[in-house]
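Chain identifiers are assigned alphabetically (A, B, ...) following the order of the sequence lines, protein sequences preceding nucleic acid strands; residue numbering begins at 1 within each chain.
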Amino acid sequence: MDKNMLAGLEGMPEEDKMRMASMIDQLQIRDSLKMYNSLVERCFTDCVDDFTRKSLKKQEETCVTRCAEKFLKHSMRVGMRFAELNQGAATPDN
Amino acid sequence: MDKNMLAGLEGMPEEDKMRMASMIDQLQIRDSLKMYNSLVERCFTDCVDDFTRKSLKKQEETCVTRCAEKFLKHSMRVGMRFAELNQGAATPDN
Amino acid sequence: MDKNMLAGLEGMPEEDKMRMASMIDQLQIRDSLKMYNSLVERCFTDCVDDFTRKSLKKQEETCVTRCAEKFLKHSMRVGMRFAELNQGAATPDN
Amino acid sequence: MAANNSPLPAGVTKEQAFGMAETEMEYRVELFNRLSQTCFSKCVDKRYKESELNMGENSCIDRCVSKYWLVNGLVGQMLSAGGQRPM
Amino acid sequence: MAANNSPLPAGVTKEQAFGMAETEMEYRVELFNRLSQTCFSKCVDKRYKESELNMGENSCIDRCVSKYWLVNGLVGQMLSAGGQRPM
Amino acid sequence: MAANNSPLPAGVTKEQAFGMAETEMEYRVELFNRLSQTCFSKCVDKRYKESELNMGENSCIDRCVSKYWLVNGLVGQMLSAGGQRPM
C-alpha cells in the first residue's frame with residue numbers, strides 16, 4: 001500500500017531495506033486475503049437467502065458474480081481517490 | 001485447525017517442526033479467545049436490552065445460556081461440515 | 001491497559017521486563033489507532049448521509065464533533081467501570 | 001531444558017511465555033473494545049444533540065458494563081464446565 | 001544463500017516460509033469464523049427458546065455452509081481469472 | 001547503545017522502529033478497509049442488477065471517500081487538541 005515509506009529509510013543498510021520490503025509484502029498479502037474474505041461474506045449475505053438446498057441457484061450465482069465485480073471496481077476507485085488524498089491532490093469542491 | 005499442514009513439512013528439521021506446531025497452537029488459542037469474545041457479544045446483544053438495573057434478570061440469564069449452547073453446537077456442526085468440504089467429501093445435492 | 005501484569009514478572013531479568021513493557025506499549029498504540037478508526041467509522045456512518053457534494057455540511061461537522069466527544073467520554077467511563085470490575089470492586093445492586 | 005530457577009512453569013520456554021502474555025492481553029483489549037462498542041450502541045442516542053452524555057446515558061452505560069461483565073462470566077463458567085450442560 | 005537441500009522453493013528464506021504458513025492459516029481461520037457467524041445469523045432463531053438446534057436449523061446450517069463454500073470458490077475463480085470478466 | 005550514525009531518533013532501537021512502521025501501516029490499511037466498506041454500503045445498490053458501477057454510484061463513491069477523509073481529519077484534530085474541547 002505504501003511502498004514509498006521506504007523512501008524514509010534511505011540511510012538504512014541494504015539488509016534492513018529488504019526486511020522492510022518483505023514486511024510490506026506480507027502485509028499486502030494478508031490484506032488481500034482479508035479483503036477477499038470480506039468480499040465473500042458481503043456478497044453471500046446480500047445474495048443468498050434460500051436454504052432449501054445445498055447448491056447455488058443460477059440467480060444467486062449471477063448476483064454473487066455481479067456483487068464481486070462491483071466490489072472490485074469499487075475498491076479500485078476508492079484506492080485511486082484515497083491515493084490522491086494521501087498526496088494532497090485536492091480538487092475543487094463539487 | 002490444520003495440524004496436517006505439518007505433513008508438508010516432512011523434510012524439515014525437528015526444531016522447525018516444533019516451531020510450526022507451537023505457532024499452530026498459539027493461533028488456535030487466539031482463535032478460541034476470539035470466538036469466546038464474539039459469542040459473548042452476540043448473546044449479550046440478542047438477550048440483554050433492559051438497563052434499569054446492574055444485575056441480570058433470570059430471563060436474561062436463561063436466554064444467554066441457551067444462546068451460548070446453541071452457538072457452541074452450531075460451531076461444532078459448522079466445523080464438521082467445513083472439514084468435510086476441505087477434504088473434498090462432497091455429498092449428493094439436497 | 002494492564003501495566004500491573006508486569007508484577008507477575010518480578011523475578012525476571014531487567015532485559016525481559018523491558019521487552020514486556022515495550023510489548024505492552026505497542027499493544028496500546030495499536031489499540032488506540034484501532035479505537036480511532038472505529039470512532040471515525042461510527043461517527044461517519046451515523047452523521048453523514050448526503051453525497052451530493054464533496055465537503056462536509058456545517059450540520060454534519062457538528063454531528064461528527066459531538067459524536068466523537070460522546071464516544072471519548074463513553075470510552076473513559078467504560079474504562080473506569082471496567083477497571084473497577086477487574087479489581088473486584090463490586091458495588092451494591094442498582 | 002536448563003537448570004531452572006525462573007518463575008516459568010516447567011516446559012515453557014521464554015518465547016512461549018511472551019506469546020501467552022501477548023495473547024492474554026490481546027484478549028482483554030478485544031473484550032474491552034467489544035463491550036465498549038456494544039454499550040455505546042445500546043445506550044447512546046444516535047442523534048447526537050449534545051456533546052455531553054446525559055444522566056440517562058451515564059447510568060445506562062454503568063449498568064451495561066456491569067451486565068456485559070456478568071454475561072462474560074456466565075459464558076466462561078459454561079465453557080469451563082464443558083459447554084455441554086444439559087438443559 | 002546456502003547449499004540448498006531444503007524442501008523450500010528457491011529464493012524463499014525459512015522466515016518467509018513461516019510467515020506464509022502463518023498468513024495462510026490466519027486466512028483459513030478468518031474464513032471459518034466469517035462463515036460460522038454468517039450462517040448463525042441466517043439460520044438460528046434469535047429468540048433462543050431452547051438450547052438445542054432444531055431440525056430446521058440443522059439442515060439450514062448444512063446448506064448454508066455448503067453455499068458459503070461454493071460462493072467462496074466462485075469468487076476465487078473470478079479473482080484468479082483477473083477479476084475483470086466482462087459481463 | 002552503540003555509536004549512533006543511524007537515521008533513527010535517539011533512544012529508539014531498530015526493533016522498535018520496525019514495530020512502529022508496522023503499526024503505522026496496519027493503521028492505514030485498516031483506515032482504507034473501513035472507508036471502503038462504509039462507502040460501499042452507503043453508495044452501491046444491493047440488488048446488483050448489473051456488474052458495472054453506474055454514474056450515480058461512481059460520483060457517490062468519490063464524494064463519500066472525500067467526506068470520510070475529512071471526518072478522519074476532523075476527529076484527528078479534536079483528539080490532538082485534547083479531545084475535551086468544551087462545546
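Summarising the geometry of Met20(A) relative to Ala21(F), their closest heavy-atom pair is CE-CB, 3.3 Å, with the distance given to 0.1 Å. In this structure, Ser38(A) and Gln37(F) approach most closely via the heavy-atom pair OG-NE2, 2.8 Å. Nearest heavy-atom pair, Leu53(F) versus Lys70(A), reported as atom, atom and distance to 0.1 Å: CD2-O, 4.1 Å.
The distance from the OG1 atom of Thr62(A) to the CD atom of Glu50(F) is 14.0 Å, given to the nearest 0.5 Å.
Within the 4.5 Å cutoff, no side-chain heavy atoms of Val29(F) are placed close to those of Arg30(A). You'll find the side chain of Phe82(A) stays beyond 4.5 Å of the side chain of Arg28(F), heavy atoms only. No side-chain heavy atom of Glu52(F) sits under 4.5 Å from any side-chain heavy atom of Glu69(A). Taking the side chain as every heavy atom from C-beta outward, Ser66(F) and Arg81(A) never approach each other to under 4.5 Å. Between Trp69(F) and Asn86(A), the closest side-chain pair of non-hydrogen atoms falls below 4.5 Å. In this structure the side chain of Phe32(F) reaches within 4.5 angstrom of the side chain of Val78(A), judged on heavy atoms.
With a 6.0 Å radius and a threshold of 12 heavy atoms from other residues, nucleotides or ligands, Lys42(F) has its NZ atom above the threshold.
Ring geometry, Phe40(F) versus His74(A): the interplanar angle exceeds 60°, so the pair is classed perpendicular (tilted spans 30 to 60°).
Stacking of Arg19(A) on the aromatic ring of Phe18(F) is recorded, both the 6.0 Å distance cut-off and the 45° axial limit being met.
Of the listed residues Asp62(F), Val44(F), Ile61(F), Asn33(F), the one with more heavy-atom pairs under 4.5 angstrom with chain A than any other is Asp62(F). Ranked by non-hydrogen atom pairs under 4.5 Å with chain F, the options Arg77(A), Met80(A), Met35(A) are led by Arg77(A).
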Q: Apply the test side chain to side chain contact (heavy atoms under 4.5 Å, CB included) to residues Lys46(F) and Cys47(A): give CA-CA distance (whole Å), side-chain angles for both, the deciding distance (0.1 Å), then the verdict.
A: CA-CA 9 Å; Lys46(F) 271 169 199 33; Cys47(A) 294; over 6 Å; no

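For a residue to count as touching a neighbouring chain, one of its non-hydrogen atoms must lie under 4.5 Å from one of that chain's; by this rule Ser41(F) touches chain A with backbone and side chain alike. In this structure, no portion of Glu30(F) lies under 4.5 Å from any heavy atom of chain A. In this structure, no portion of Cys43(A) lies under 4.5 Å from any heavy atom of chain F.
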